[in-house]
There are 2 protein chains.
Amino acid sequence: MNSLEATARAQEPQSPDVTELILQDILAGRLPPGTWLKQIDLERRYNCTRPEVRRALDRLVQKRLVEHVPNRGYHVHEQDGRRAQEVSDIRVILEVAVSDRIIANASAADIANLRVFALRFDDLVLNGTMLELYEANLVFHRHLLALAGNQELVELITEIRQRTSSAPVSQWRTRARIEQSGREHQQMVDAIERRDVGHLMELTRRHILQA
Amino acid sequence: MNSLEATARAQEPQSPDVTELILQDILAGRLPPGTWLKQIDLERRYNCTRPEVRRALDRLVQKRLVEHVPNRGYHVHEQDGRRAQEVSDIRVILEVAVSDRIIANASAADIANLRVFALRFDDLVLNGTMLELYEANLVFHRHLLALAGNQELVELITEIRQRTSSAPVSQWRTRARIEQSGREHQQMVDAIERRDVGHLMELTRRHILQA
DNA sequence: GGTAATCAAATTGGCGCCAATTTATGATCC
DNA sequence: GGATCATAAATTGGCGCCAATTTGATTACC
């Protein structure tokens, strides 16, 4: 009956940040869209106090990951197809637009770094959890974007990615698709090394839209 | 000594939302960058309770408008030149990129609407406060962007605009610059009516960068 | 037997108190 | 006379209690 209790983990001595913990669980799919987040359950699950839970819930509402119904409670935001589409749309515009800057700024060391992150993703396809994979993917894209020389852009895209993908696990449906993503990462780094702006733009566009 | 007490307003019977009130005061320049936001002062100023103040402060920290120093307090975020530059940069990329969609979707009624909002801005240049002007400008740009058919994009740009401009008043330094902005609004609507994508893109770019 | 109203259990959410930390003040010592 | 240390005031921030609202169940009624 109570899905929260069922997934309860071993009590950790000190909680780093409750907001982050709940966020991780939503992203990992352990708290599926629609789940009601009762304060008492969260209190016990993360071994924290009532005000901490409330602050975390309020922050997640601000992030649009959780919905609040007055006097009813908080529940994980339902996946919105339109919104996901629109966010992808925004990502394509931004990331394609800065392709030339990425290529202009990328040093040999930067390219080597990107290869490391791309390889790490490929490695986790075989030996890793979905959440690890998701985060490795995020790291690769963050470092790629950082080369554009606009820190705000990196933060912004990181934010809107979380905003929609309530259960990022469901994004990559098949293993074939995941492996394809890994190959595309490699191809993007290749394009950067060849200083081929046009190809990087096209790769980026396809990579985001089919994710 | 206490700038908050000095600006204290008449007590309103019921506070709609404290977060919004503080936000307005920061945007209006009544709480300049660097100001320390003591909880007791805010409590009295907005005639609300301690937890309400704390929730509002936490939300404003999430919005990056207020900075939090543990065990020291909260203060209005200092204007960051680099960040403002980066946000303008992002705006240019996005708004220029959707110029074609705006023109494709704009009906005669939409164009008439935009003219109304542009005229309202011009009117407030003469008979209006800085805050009213700021909001009229926001309304024009929101409706313009809405024509691109991407609701998330509208919300996103509204968010990042607030995020940087701690004191939007200081954005338009001279009256000449404000009047120029008004003329540019008109020119943008003209370009839409003429279905001149290239011109709208160039106007948009210049309008944002010199703001 | 089904439906509606009433009552009890549970949950949300507002509010204030008190401890911990920091800052300002004043006294003492060099 | 200036600097340093100790003390007191002020501010932050954690925590729990209790009222208001809602949900679910039991009972009475049609």
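Every chain is numbered from 1 and lettered A, B, ... according to where its sequence line falls, protein lines coming before strand lines. Please read all numbers here as calculations on a predicted model, not as lab measurements.
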S.K.: Nearest whole angstrom, please: distance from the P of D:dT22 to the CH2 of A:Trp36.
M.R.: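 These atoms are roughly 12 Å apart.
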
S.K.: Detail all sub-3.5 Å separations between protein N/O atoms and N/O atoms belonging to nucleotides 13-19 of chain C.
M.R.:
{"unit_1": "C:dG13", "atom_1": "OP1", "unit_2": "A:His68", "atom_2": "NE2", "d": "3.3"}
{"unit_1": "C:dG13", "atom_1": "OP1", "unit_2": "A:Asn71", "atom_2": "N", "d": "3.0"}
{"unit_1": "C:dG13", "atom_1": "N9", "unit_2": "A:Arg54", "atom_2": "NH1", "d": "3.1"}
{"unit_1": "C:dG13", "atom_1": "N7", "unit_2": "A:Arg54", "atom_2": "NH1", "d": "2.7"}
{"unit_1": "C:dG14", "atom_1": "N7", "unit_2": "A:Arg54", "atom_2": "NH2", "d": "3.0"}
{"unit_1": "C:dG14", "atom_1": "O6", "unit_2": "A:Arg54", "atom_2": "NH2", "d": "3.0"}
{"unit_1": "C:dC15", "atom_1": "OP2", "unit_2": "B:Thr49", "atom_2": "OG1", "d": "3.4"}

S.K.: Does the side chain of A:Val87 reach to within under 4.5 Å of the side chain of B:Leu156, using non-hydrogen atoms?
M.R.: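 They are not in contact (no side-chain heavy atoms under 4.5 Å apart), so the answer is no.
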
S.K.: Tell me: CD1 of B:Ile40 to C1' of C:dT22, nearest whole Å?
M.R.: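 Rounded to whole Å, this separation is 14 Å.
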
S.K.: According to the interplanar angle, ranging from 0 to 90°, do the rings of B:His141 and B:His207 count as parallel (below 30°), tilted (30 to 60°) or perpendicular (above 60°)?
M.R.: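 Taking B:His207 first and then B:His141, their aromatic rings lie parallel (interplane angle under 30°).
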
S.K.: I want to check something: taking the side chain as every heavy atom from C-beta on, are A:Leu57 and A:His68 in contact at a cut-off of under 4.5 Å?
M.R.: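 Answer no - side chains too far apart.
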
S.K.: Output the rounded distance in Å from CG (A:Leu57) to C1' (C:dT12).
M.R.: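 It is 11 Å, rounded to the nearest whole Å.
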
S.K.: Find the distance A:Leu42:CG to C:dA10:P and express it as a whole number of Å.
M.R.: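 So the two atoms are 18 Å apart, to the nearest Å.
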
S.K.: Is the shortest side-chain N to carboxylate O distance from A:Arg142 to A:Glu155 below 4.0 Å?
M.R.: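 Between A:Glu155 and A:Arg142 there is a salt bridge, with a charged N closer than 4.0 Å to a carboxylate O.
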
S.K.: Using 4.0 Å as the upper bound for N to carboxylate O, is an ion pair formed by B:Glu95 and B:Arg101?
M.R.: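 Answer for the salt bridge query: no.
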
S.K.: Could B:Glu86 and B:Arg91 be called an ion pair, given the rule that one side-chain N must be under 4.0 Å from one carboxylate O?
M.R.: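 Answer for the salt bridge query: no.
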
